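Taking it in order: structure first as structure tokens, then the write-up.
These numbers come from the heavy atoms of this one structure, side chains and all, not from hydrogens, waters or symmetry mates. A quick note: this is a predicted structure, and the numbers were derived from the prediction, not measured.
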Amino acid sequence: MVDAPEPILLNDFRRAWAEVGGGVLEATAKVGSSGWYILGEEVRRFEAALAILWGFDHAVGVGNGLDALEIGLRCLGIRAGDRVLTTPVSAFASSLAILRVGAIPVFVDVDERGLLDLDAAEERLRRGDVRGLLPVHLCGHVVDLDRLEDLAQRHGVLLLEDCAQSIGATWKGRSTGSAGAVAATSFYPTKNLGAMGDGGALLCRDPEHAARARRLRSYGEGARYDHVEIGLNSRLDELQAAILGDVMLPRLASWTGRRAAIAERYCSSIPSRRIEIPVSAPDSQPVWHLFPVLVEPHRRESFRAHCGARGIATGIHYPIAIPDQRAVAGLELEEVNELPRARRWCASEVSLPIHPWLDAEEIDRVIEACAAWPG
Ligand SMILES: *Cc1c(COP(=O)(O)O)cnc(C)c1O
């Protein structure tokens with residue numbers, strides 16, 4: 001009798017722990033014995049390392065990715081009533097940040113990669129009443145940074161890239177996030193650089209943006225107990241910063257390399273007859289936060305059941321377009337034309353496992369399951 005093979009998970013935190021556990025315990029002991037738990041040396045060190053990795057002058061650690069986006073929008077000067085153009089296919093947080101500053105999301109359709117369609121975006125920007133642009137480098141794929149920069153300059157809009165899924169991804173060698181003055185990311189545990197809890201960061205070029213972000217993450221406090229604006233409580237813990245800086249960040253390049261190698265195997269070996277693999281842009285180097293494939297909407301559940309029966313977990317990113325979420329019903333928002341590709345993406349997408357701890361046999365199992373799917 002052969003044992004059934006282990007299930008293949010979308011994210012395998014137990015295997016991650018086998019690799020990082022020792023280092024995490026050391027980092028924990030270091031912070032514990034330091035007697036300093038909030039906004040101290042660990043956060044400063046991690047912020048410095050992250051800024052260098054990302055090619056920004058400043059990084060500001062915050063409580064999570066949503067807050068990084070909200071604080072980023074406020075640093076740029078987005079105000080209540082402003083229109084911010086964004087994508088309908090993302091984590092809800094991208095649009096929630098716009099709503100939390102009181103701004104109005106303007107949803108533009110996506111392209112065949114599920115990324116903001118920049119032609120449609122440009123057409124809407126020509127009307128001149130949009131103040132902000134919030135694209136998302138979804139799944140670790142890269143929105144054209146040259147065009148983003150050009151759009152922001154020519155139409156005078158404030159640009160904030162959501163890099164929660166794209167740490168390390170580049171366009172012609174430039175990091176995502178670099179087209180605008182600030183960029184936001186998340187250290188939610190499933191992200192490519194994940195903490196063991198919540199965390200996020202804002203990357204800034206301008207020291208004034210960085211100073212404002214530091215103030216906003218801490219009750220809008222200028223000098224101690226001197227509150228100069230209405231801020232948040234959104235601090236990155238010393239513990240998370242030590243884990244990220246000592247244990248996770250030094251391994252990020254190797255984990256990203258594993259993801260890219262798995263993606264290459266999938267792209268070259270998964271038969272494309274019934275399963276469409278969106279190809280990455282030639283000028284980009286994606287980081288494969290997710291590996292999305294598209295199937296006929298009415299066959300999606302059959303495909304997921306087929307994988308599930310072979311012990312392969314799959315996900316959907318995302319099943320509901322943001323303007324279709326019940327939470328935004330009745331709120332002021334704008335849909336530019338219909339959003340047919342966004343809704344088709346939401347009805348067709350399936351994410352295959354691509355975490356760095358998949359072994360060769362498991363990668364083959366995923367490919368074989370795809371090949372064996374009758375469609
Ligand atoms: C995860 C994620 C966020 C939000 O990050 P949190 O840390 O969970 O608040 C925002 N945008 C995108 C694209 C994400 O994937």
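Among Arg100, Arg235, Arg74, the single residue meeting the salt bridge (charged side-chain N to carboxylate O under 4.0 Å, His left out) criterion with Asp67 is Arg100.
With Ser234 contributing its side chain and Gly63 its backbone, the two residues share a donor-acceptor pair below 3.5 Å. A donor-acceptor pair under 3.5 Å is absent between the side-chain atoms of His317 and the main chain of Glu349, judged by distance alone. At distances below 3.5 Å, at least one donor-acceptor pair connects side-chain atoms of Arg310 with backbone N or O atoms of His306. Between the side chain of Ser218 and the backbone N or O of Arg215, no donor-acceptor pair lies under 3.5 Å. At distances below 3.5 Å, at least one donor-acceptor pair connects side-chain atoms of Glu161 with backbone N or O atoms of Gly177. Formation of a donor-acceptor pair under 3.5 Å by the Ser348 side chain with backbone atoms of Glu296 is not found in this model.
Applying the side-chain hydrogen bond (donor to acceptor under 3.5 Å, both in side chains) test to pairs two or more places apart or on separate chains, those with a residue in residues 281-295 are Asn192-His289.
Around atom CD of Glu264, no more than 12 heavy atoms belonging to other residues, nucleotides or ligands sit under 6.0 Å away. Counted within 6.0 Å of CD on Glu338, heavy atoms from surrounding residues, nucleotides or ligands total 12 or fewer; the atom is thus considered open. In this structure, Tyr188 places its OH atom where only 12 or fewer heavy-atom neighbours from other residues, nucleotides or ligands lie under 6.0 Å away. The environment of CH2 in Trp17 is crowded: more than 12 heavy-atom neighbours from other residues, nucleotides or ligands sit within 6.0 Å.
A single hydrophobic cluster is not seen to contain both Leu73 and Leu96; linkage of ILVMFWY side chains at heavy-atom distances under 4.5 Å, directly or through other members, places them apart. If you chain together hydrophobic residues whose side chains sit under 4.5 Å apart, Leu125 and Val136 fall into the same group.
In this structure, CZ on Arg212 lies 10.0 Å from CD1 on Ile71, to the nearest 0.5 angstrom. Here the CG-CG distance, from Asn233 to Leu216, works out to 12.5 Å after rounding to the nearest 0.5 Å. In this structure, NZ in Lys191 is found 11.5 Å from SG in Cys163, a value given to the nearest 0.5 Å. For the atom pair CZ of Arg83 and CZ of Arg124, the computed distance is 6.0 Å after rounding to the nearest 0.5 Å.
The aromatic rings of Trp54 and Phe56 sit perpendicular, their planes meeting at an angle over 60°, well past the 30° parallel limit.
Side chain to side chain, Ser269 and Arg265 meet the donor-acceptor criterion of an N or O pair below 3.5 Å. A donor-acceptor pair shorter than 3.5 Å can be found between the side chains of Trp357 and Glu19.
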- Query: Yes or no on side chain to side chain contact (heavy atoms under 4.5 Å, CB included) for Val182 and Arg205, after CA distance, side-chain angles and deciding distance?
  - Reply: CA-CA 7 Å; Val182 298; Arg205 256 180 255 301; over 6 Å; no
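Ring centers of Phe187 and Phe46: under 6.0 Å apart, within the cut-off.
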